[in-house]
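Comments concern the structure below.
The analysis underlying the following values was restricted to heavy atoms, covering all of them including side chains, and did not include hydrogens, waters or symmetry mates.
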Amino acid sequence: MASTLVFRGATIHSTDPERLELLEDATLVITDGRITAFYKSPNDLPSDDAFPPHAVFHRLPPGEFLIPGFVDTHNHAPQWPMRGLGQGLHILDWLNEVTFPIEARFADPTYAAAIYEDTVNDFLRQGITTASYYSSRHLDGTKILADVCHRKGQRALVGKCNMDQNAPDYIQEESAAVSLRETEEFIHHIRSLSGDAEDSLVKPVVTPRFAISCTPELLQGLGDIVKRDNTLAIQTHFNEAQQEIDATKELFPQFGGSEADLYESFGLLTSRSILAHCTIMTDHEKERIHALECGVAHCPIANMTVGGGFMVAPVRDFLRRGIKVGLGTDSGGGWASQMLAVIRQTMIASNAREVLSDGKDKALSLEEVFYLATLGGAKVLCLEDRIGNFAVGKEFDAVWVTTTTGLQSAMTPREKGDSLRRVFEKYVMTGDDRNVAHVYVRGRRVAGAK
């Protein structure tokens, strides 16, 4: 017998980058985790006998609403316990002094299991229903991360970090050959978690940390893996900070400083490539990633606090050019595990970008930034046919938001007479995880404060 859920109440989602659909009294019908009907007003509703007799009904009271689950396009799972450390350091110094010693702990499967349990729980309680995770370079620990996501029901891309050069001996991989063998073993492991790899919530992603930490042999081997299987996603850091760009140019002088040409030469730029940061970009690089249909993971918190400078990615220009853009927490370069914090910093960064561009790149609206956190992120991960909004046929990944009138959360209090738009704006700009009543992935409740 099919499982049917019916949700009736206020519903908000993006239909395009500039338009939010705010519905005061909509009804969503979920059958076996998939949206099978979306009635946008009470006038559209069929008779009661149109619903299966076994359907479970949920009525959202006033002041509560549904939104699509947040999509985190760039996240370092082993850095979750170090969020907020090393603020102000340049990127390579931050890696050597803070990050690598902590990631090395994940050689211990017991430690990895304990931390990843909390990591995934934390992101789920923030309403992040989908995350693209970098693991550490350790095979066993990465398998554990994938297992935890699978068990807890978080939709995820999980990648074993590849790094066979320019790292301390205690964390650097033995060789390109070992790194490639373990990558293929991990891909097999993650696809064994579900009987149907195509329908699995958890999928593998090829993860060269960045060119600095990968020999040409390793980069080429990863490109060959992708060439043999074009369903694989790829993620890496791309033009993150000046120190990283300068080091990459010194290591790979034949590409004239173009990371786009570098990664493209190894077959690592495709429509499934997720390029984190992209803060300092030439027109040539923008043209190449657009032509190759790559996606950008915009991480404004990390860009402004770790790396070396106030780095503001040209998101407006990316959107103008038709480049896919989503948002990333970049935990732990980014100190927040909340997508709401990333949304707010995205708006601040876009205001700064407008000033830096002498008004050419207009600041992003709330509508646009919410789109980046949901449907835009889904497009970056090539999941827009499954998630990102409440279109019929998509899977039900959603957050049931509750708002308050007093001091129950950090949110600006809801007042009598507030419109749905006003309450939504209060939540996005001032809410926290206490306003997340329930979190659903593919129709299954996986987290929530209530």
Side-chain angles (χ1 to χ4, degrees), residues 4-15 19-30 33 35-45 51 55-71 123-130 153 338-341 343-344 366-367 369-371 373-375 387-392 394-450:
T4 302
L5 303 174
V6 180
F7 295 85
R8 182 173 177 182
T11 304
I12 302 168
H13 69 155
S14 295
T15 56
R19 183 167 175 260
L20 273 177
E21 193 167 50
L22 295 102
L23 304 168
E24 299 280 354
D25 191 2
T27 300
L28 281 160
V29 182
I30 318 301
I35 301 167
T36 50
F38 187 10
Y39 305 106
K40 298 188 177 184
S41 79
N43 295 332
D44 299 333
L45 282 171
F51 297 109
V56 177
F57 286 79
H58 297 281
R59 186 70 165 97
L60 280 69
E64 305 192 3
F65 52 86
L66 291 173
I67 58 173
F70 292 124
V71 179
F123 288 105
L124 282 173
R125 72 172 178 165
Q126 308 294 346
I128 293 174
T129 53
T130 300
Q338 307 96 330
M339 187 55 68
L340 291 177
I343 287 173
R344 296 161 196 164
L366 181 65
E367 286 83 356
V369 179
F370 186 74
Y371 167 87
T374 54
L375 186 54
I387 60 168
N389 65 8
F390 294 132
V392 172
K394 292 191 178 184
E395 295 171 14
F396 187 68
D397 288 12
V399 179
W400 179 329
V401 176
T402 180
T403 60
T404 57
T405 57
L407 298 176
Q408 293 93 332
S409 76
M411 199 192 93
T412 304
R414 184 182 77 248
E415 295 188 292
K416 185 177 181 180
D418 277 351
S419 66
L420 179 57
R421 163 69 195 218
R422 194 175 183 90
V423 174
F424 170 74
E425 190 168 349
K426 287 180 176 182
Y427 162 69
V428 170
M429 298 309 297
T430 66
D432 61 24
D433 60 287
R434 289 170 290 180
N435 300 112
V436 176
H438 309 284
V439 180
Y440 299 90
V441 176
R442 198 182 274 171
R444 170 189 171 190
R445 187 184 185 278
V446 293
K450 284 194 173 181

Quiz item: Between Thr129 and Tyr440, is any pair of side-chain heavy atoms under 4.5 Å apart?
Solution: no

Exercise. Keeping to residues at least two apart or across chains, list the salt bridge (Lys or Arg N to Asp or Glu O under 4.0 Å) pairs with something in residues 430-443.
Key: Arg125-Asp433, Asp199-Arg442, Glu395-Arg442, Asp432-Arg434

Self-check item: Inter- and intrachain pairs under ring pair (Phe, Tyr, Trp, His ring centres under 6.0 Å), touching residues 400-421, at least two apart
Solution: Trp400-His438

Exercise. Go through the structure and list residues passing side chain to side chain contact (heavy atoms under 4.5 Å, CB included) with Val399, not counting sequence neighbours.
Key: Ile67, Val401, Val436

Quiz item: Are the aromatic rings of Phe424 and Phe370 close, with centres under 6.0 Å apart?
Solution: yes

Practice problem: Go through the side-chain N and O atoms of Thr403 and Arg414 and say whether any donor and acceptor fall under 3.5 Å apart. | Solution: yes

Quiz item: Are Thr374 and Ser14 side-chain neighbours, meaning at least one heavy-atom pair lies under 4.5 Å?
Solution: yes

Practice problem: Check the angle between the aromatic planes of Tyr427 and Phe65 and answer parallel, tilted or perpendicular using the 30° and 60° thresholds. | Solution: perpendicular

Exercise. Identify the heavy atoms of Val29 and Thr4 that sit nearest to each other, and give their distance.
Key: CG1-CG2, 3.9 Å

Quiz item: Got Phe70 and Ile343 here, is their nearest side-chain heavy-atom distance under 4.5 Å?
Solution: yes

Quiz item: Would a line drawn from the ring center of His13 to the ring center of Tyr371 be shorter than 6.0 Å?
Solution: no

Quiz item: Is Val56 close to Val6 at the side-chain level, that is, under 4.5 Å between some pair of heavy atoms?
Solution: no

Practice problem: Show the numbers, then the answer: is there a salt bridge (charged side-chain N to carboxylate O under 4.0 Å, His left out) between Lys40 and Asp25? | Solution: CA-CA 7 Å; Lys40 298 188 177 184; Asp25 191 2; over 6 Å; no

Quiz item: Given side chains that start at C-beta, do those of Leu420 and Ile12 come closer than 4.5 Å, heavy atoms only?
Solution: yes

Quiz item: What about Phe57 and Phe51, are their ring centers closer than 6.0 Å?
Solution: yes

Quiz item: Do Arg59 and Glu64 meet the salt-bridge criterion of a basic N to acidic O distance under 4.0 Å?
Solution: no

Practice problem: Might you confirm whether atom CZ of Arg445 has over 12 heavy atoms from other residues, nucleotides or ligands at distances under 6.0 Å? | Solution: yes

Self-check item: 4.5 Å side-chain heavy-atom contact, Glu24 and Ser41
Solution: no

Self-check item: Nearest non-hydrogen partners of Val439 and Leu124, listed with the distance
Solution: CG2-O, 3.4 Å

Quiz item: Do Thr402 and Asn435 have side-chain N/O donor and acceptor atoms under 3.5 Å apart?
Solution: no

Exercise. May I ask you to test the Arg344-Met429 pair for a side-chain heavy-atom distance under 4.5 Å?
Key: yes

